[in-house]
Colleague: 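Questions regarding the structure given below will be posed in turn.
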Amino acid sequence: MDIFKGQNLIEFSEAFKTNQDCRLYLSKVKWEFGYSCRKCEHIGAQKRKDFSRTCNKCSYTESVTSGTLFHKVKFGLRKAFFICFEMATSTKSLSATQMGVRYGVTEKTARLFMHKVREAMKSSETNPIDGNVDIDEFVLGGKEKGKVGRSYDSKKKKTVCAVQLSDSGKVKRMYAMKIDDFSAQSLVKIFDKHIDQKAKVRTDQWKGYRPLFKNYNITQIPSDHGGNFKALHTMIHQIKSWIRTTYSWVSEFNIDRYYNEFCYRINRSQSKKTIFNNLIVRMVQADKINQHQIVCA
Ligand SMILES: [Zn+2]
């Protein structure tokens with residue numbers, strides 16, 4: 001299929017003039033590798049005008065949005081596509097308030113849909129980072145953490161962050177996730193999800209990493225106030241100022257979703273040309289998530 005490429009907003013609005021254009025695009029993504037009925041697995045179907053398909057055997061009709069994160073979008077697929085484009089291609093994206101104003105939907109509607117997009121941006125966890133990896137923790141909504149013992153202040157949102165570095169010390173990939181505290185049991189979570197056991201990991205001299213020595217190749221060096229982890233600390237600074245300036249406040253419950261969004265864009269900065277299509281494929285493949293999973297807590 002012809003996928004949409006690039007970051008040009010004029011070209012994008014030409015490619016997606018109507019909701020019907022978006023439905024056609026979704027149908028191509030959804031059935032790129034062929035149709036099979038979700039009820040009876042029959043492979044023959046009638047195509048309908050809205051690009052949904054009706055099974056020739058059991059007559060079940062599947063819309064292009066059913067089973068995708070576009071399911072039950074009430075404000076029109078075209079607006080949904082534009083919000084996806086904005087979130088995938090702009091460096092910092094927009095707050096829900098700004099997005100609502102720009103696309104003529106309420107702030108609440110924008111926020112809910114944007115969380116669905118963040119869900120699609122979540123790492124598949126199938127491609128852990130290896131090579132040279134630096135890891136450190138930080139807190140949101142407070143001063144820089146003091147290196148003399150980690151702050152256990154329960155009000156601050158604690159995060160562990162890992163970057164994979166190129167030979168020249170540039171950030172290739174990045175992951176961040178919320179943790180309850182700075183103990184080994186909490187820190188190990190980012191290792192389990194995102195770090196290859198063969199990776200050469202560097203951390204500062206925090207004792208919480210020591211129990212992980214037996215399973216991972218970890219070298220501890222003095223932080224020198226972040227000077228020994230420059231690229232990592234630049235990313236930490238960016239993610240913190242992005243959250244502070246774009247969102248001002250994010251709930252503990254949703255914080256990982258914002259990290260997903262930030263890291264998704266960083267990790268695809270080399271493939272910006274196809275990033276919109278990549279996001280649409282993820283939106284189509286992702287399991288439908290219910291509204292209550294987004295708004296609770
Ligand atoms: Zn069927």
Side-chain angles (χ1 to χ4, degrees), residues 1-6 12-89 103 105-106 108-127 193 254 256-257 260-261 264 268 271 273-296:
M1 64 175 272
D2 291 334
I3 66 167
F4 181 83
K5 286 186 179 156
F12 186 81
S13 63
E14 285 296 308
F16 301 103
K17 285 202 192 81
T18 62
N19 289 332
Q20 186 74 343
D21 291 337
C22 303
R23 277 194 285 271
L24 173 61
Y25 200 88
L26 284 186
S27 75
K28 287 178 174 175
V29 170
K30 189 170 193 176
W31 292 302
E32 188 183 2
F33 303 107
Y35 163 90
S36 139
C37 174
R38 280 169 59 188
K39 298 279 177 205
C40 76
E41 294 179 1
H42 184 69
I43 53 168
Q46 293 287 341
K47 290 180 196 172
R48 308 183 82 89
K49 275 196 191 127
D50 64 357
F51 302 107
S52 59
R53 299 199 182 191
T54 301
C55 173
N56 286 336
K57 200 168 164 194
C58 75
S59 300
Y60 171 73
T61 297
E62 182 177 343
S63 72
V64 293
T65 56
S66 80
T68 79
L69 289 172
F70 292 105
H71 186 59
K72 290 194 172 156
V73 162
K74 295 212 171 57
F75 49 89
L77 269 182
R78 187 167 182 252
K79 288 182 183 180
F81 266 45
F82 270 76
I83 293 173
C84 288
F85 184 71
E86 196 102 54
M87 290 177 75
T89 59
Y103 295 105
V105 299
T106 66
K108 187 179 167 209
T109 299
R111 177 171 299 112
L112 281 175
F113 182 70
M114 288 170 79
H115 277 328
K116 290 183 186 178
V117 177
R118 293 183 184 109
E119 202 59 28
M121 289 173 161
K122 193 162 74 178
S123 161
S124 62
E125 295 169 26
T126 53
N127 192 10
K193 274 186 196 287
N254 282 318
D256 277 337
R257 293 203 161 99
N260 292 344
E261 178 187 345
Y264 176 82
R268 274 156 204 80
S271 45
K273 251 188 121 114
T274 54
I275 194 169
F276 171 76
N277 185 69
N278 175 278
L279 181 57
I280 296 299
V281 170
R282 285 163 165 257
M283 292 288 289
V284 168
Q285 288 170 350
D287 288 331
K288 177 175 73 195
I289 55 167
N290 294 319
Q291 197 155 307
H292 73 267
Q293 288 174 271
I294 290 175
V295 287
C296 69

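Start at 1 and go down the list; that is how both ligands and their atoms are numbered. Position 1 is the first residue of the sequence; numbering continues from there.
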Colleague: Using the test side chain to side chain donor-acceptor pair (under 3.5 Å), find all partners of Asp50 that sit at least two apart in sequence or belong to another chain.
Modeller: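 Expected list: Ser52.
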
Colleague: Listed by chain and number, what are the side chain to side chain contact (heavy atoms under 4.5 Å, CB included) partners of Ile3, not counting sequence neighbours?
Modeller: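 If we apply the side chain to side chain contact (heavy atoms under 4.5 Å, CB included) test to Ile3, skipping adjacent residues, the hits are Met1, Lys5, Tyr25, Thr274, Asn277.
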
Colleague: So, taking the atom named NZ in Lys116 and the one named CZ in Arg257, what distance separates them when rounded to the nearest 0.5 Å?
Modeller: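 These two atoms lie 11.0 Å from each other.
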
Colleague: Taking the inter-plane angle between the rings of Phe276 and Phe12 on a 0 to 90° scale, is it parallel (under 30°), tilted (30 to 60°) or perpendicular (over 60°)?
Modeller: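 Perpendicular.
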
Colleague: How about Phe113 and Phe75: are their ring centres within less than 6.0 Å of each other?
Modeller: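 Yes; Phe75 has its ring centre under 6.0 Å from that of Phe113.
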
Colleague: In the shown structure, where waters are left out, how many protein N, O or S atoms lie under 2.8 Å from the Zn ion (ligand 1)?
Modeller: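 If we list every protein N, O or S atom nearer than 2.8 Å to the Zn ion (ligand 1), we get 4.
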
Colleague: Once side chain to side chain contact (heavy atoms under 4.5 Å, CB included) is applied, do any residues pair with Glu125, and if so which ones, sequence neighbours excluded?
Modeller: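 Ser123, Lys193, His194.
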
